[in-house]
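Residue numbering restarts at 1 for every chain, and letters A, B, ... go by the order of the sequence lines.
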There are 2 protein chains.
Amino acid sequence: MKNFEDRLREYQLKATPQRIAITKLLDEKGHLNIDTLYNLLKEDFTSLSLATIYKNINIMMEKSFVKEVKLPNRKSVYELQKEHHSHLVCKKCNKIEDIYIQNIECFYDEVNQKTDFAIESSDITVIGLCKQCR
Amino acid sequence: MKNFEDRLREYQLKATPQRIAITKLLDEKGHLNIDTLYNLLKEDFTSLSLATIYKNINIMMEKSFVKEVKLPNRKSVYELQKEHHSHLVCKKCNKIEDIYIQNIECFYDEVNQKTDFAIESSDITVIGLCKQCR
DNA sequence: CTGACTGCAAACGTTTTGCACGGTA
DNA sequence: TACCGTGCAAAACGTTTGCAGTCAG
């Protein structure tokens, strides 16, 4: 991956220190909710405003630089836009892993067979226990 | 399905007129958000309070009588608990259809093959265009 | 240099809470 | 009858907005 400044600019986003830091954190941690993002950034930007986080996450979503992930029984988390993938969520430790599934066709086939729905994309979350917690 | 009163009582929920009406609406319409539920119920219960809707939906979720469905770019909707299923969401008309997929194994197999994750359940939303809108 | 971004405070919409009253079991 | 549910109003919460000062390009 390019450096974060350039990556932001590619998406028509000015590379401010706050945005670079948000990008860096999302890249490192993978998935973060608003509060966690704010608290982590607060360490480096003592006068950071929550409004800045909201404004940035919103514009980053508009530009498809960041994506919201809605999960059952949990606040939304945000991730950097990347290749289409699904999520494994551990019930115990709350960790979220990405997984790139090749073989979605098999269940798309079933949808096509049963309905007249024109599939555009899918959003898959798998709940369970991760390697460490199982 | 049993009548709604009995169904509520089976889930340790007192069968008040408001709860029966919520149940009836969810059964008829399938998926409703809080506001729609409130506006529809308001027709029959002129003095209905929004707080009552919230309190009831919350307790119904605690008792697993109702389930929240989180969808991309949209307010949460609620549905009566039923057999595990997935959702087809039409981008154009916003309709939500249930679909019972048999063949999830094929992609569970892939998850098992790639990770050490112990799958418990999955949450699948398919976005696209419905029969009428395609 | 200009338009966009930031931080602050206020506003806003949504959800929850406390309380007095009424209804279910 | 006792307890739980309802409706109302107020409170709490999360998110957005407007504005003045600052910064990236």
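Ion pairing of Lys70(A) with Asp123(A) is absent here, as no side-chain N (NZ or NE/NH1/NH2) approaches a carboxylate O to less than 4.0 Å. Remark: Arg9(A) does not engage Glu5(A) in a salt bridge, criterion side-chain N to carboxylate O under 4.0 Å.
The heavy-atom pair separating Phe107(B) from Ile124(A) by the smallest distance is CZ-CG2, 3.5 Å. The heavy-atom pair separating Ser86(A) from Ile101(A) by the smallest distance is OG-CD1, 4.0 Å.
Protein atom CD of Gln18(A) is 14 Å distant from nucleotide atom P of dT22(D), rounded to whole Å. Rounded to whole Å, atom C1' of dC5(C) lies 14 Å from atom CD of Glu62(A). Distance Ile34(B) CD1 to dG13(C) C1': 14 Å, rounded to the nearest Å. The nearest whole Å value for the distance from the CZ atom in Arg9(B) to the C1' atom in dG23(C) is 13 Å. Straight-line distance from the CG atom of Asp35(B) to the P atom of dT14(C): 6 Å, rounded to whole Å.
Exactly one residue among His85(B), His87(B), His84(B) makes a ring pair (Phe, Tyr, Trp, His ring centres under 6.0 Å) with Tyr100(B). That residue is His85(B).
At least one donor-acceptor pair closer than 3.5 Å links the side chain of Thr23(B) to the backbone N or O of Arg19(B).
Residues from residues 40-53 of chain A lying near DNA chain C, meaning a heavy-atom separation below 4.0 Å, are Ser47(A), Leu48(A), Ser49(A), Ala51(A), Thr52(A) in numerical order.
Toward the 5′ end of DNA chain D lies the nearest nucleotide of Ile59(B), the other residue of the pair Lys55(A) and Ile59(B) mapping further downstream.
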